[in-house]
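The next block holds one structure in the form of structure tokens; read it before the comments.
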Amino acid sequence: LFPYTTLFRSAPEAVERAEVFALGRLLAEVFELGDADKPEVPAEWRELVVGCVREDPLARPRLSEVETFFVRELERRQ
């Protein structure tokens, strides 16, 4: 826990981008996005996941953008 806390204090944006990447990998596994023929996964979700796992951390969405996406999706489904 100590090194993670130190890293978060010294490079919070790097930790945030790493968390976004981890979330993207998890979603890719849940949606099984390796299978290109899964039409039931909406295009917006695919775009989010692809953005989250970009190789360049600075090209990934911010955590606040991911949160906004999920809030919008929840509101849309209610």
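Nothing here was measured: the structure is a model prediction, and the numbers come from that model.
Put simply, CG on L63 and CZ on R17 are 9.5 Å apart, with the number rounded to the nearest 0.5 Å. Between the CZ atom in F70 and the CG atom in L23 there is a gap of 5.5 Å [rounded to 0.5 Å].
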* To do: Evaluate the criterion side chain to side chain contact (heavy atoms under 4.5 Å, CB included) for residue pair C52 and L27; output intermediate values, then yes/no.
  => CA-CA 9 Å; C52 288; L27 289 173; 5.8 Å; no
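With sequence neighbours excluded, the residues satisfying salt bridge (Lys or Arg N to Asp or Glu O under 4.0 Å) with E73 are R76, R77.
Applying the salt bridge (charged side-chain N to carboxylate O under 4.0 Å, His left out) rule to pairs touching residues 47-57 yields nothing, sequence neighbours excluded.
Counting heavy atoms of neighbouring residues, nucleotides and ligands inside a 6.0 Å radius, atom CZ of R62 exceeds 12 of them.
Residues G24 and V49 share a closest heavy-atom pair of O-CG1, 3.5 Å. Closest approach of P61 to V66, counting heavy atoms only: CG-CG2, 4.0 Å.
Other residues sharing the hydrophobic cluster of V53, ordered by chain and number and joined by side-chain separations under 4.5 Å: F21.
Hydrophobic clustering (ILVMFWY, side-chain heavy atoms < 4.5 Å, transitive): V30 and W45 are in one cluster.
The side chain to side chain contact (heavy atoms under 4.5 Å, CB included) test with F69 is passed by exactly one of E65, E67, R72: R72.
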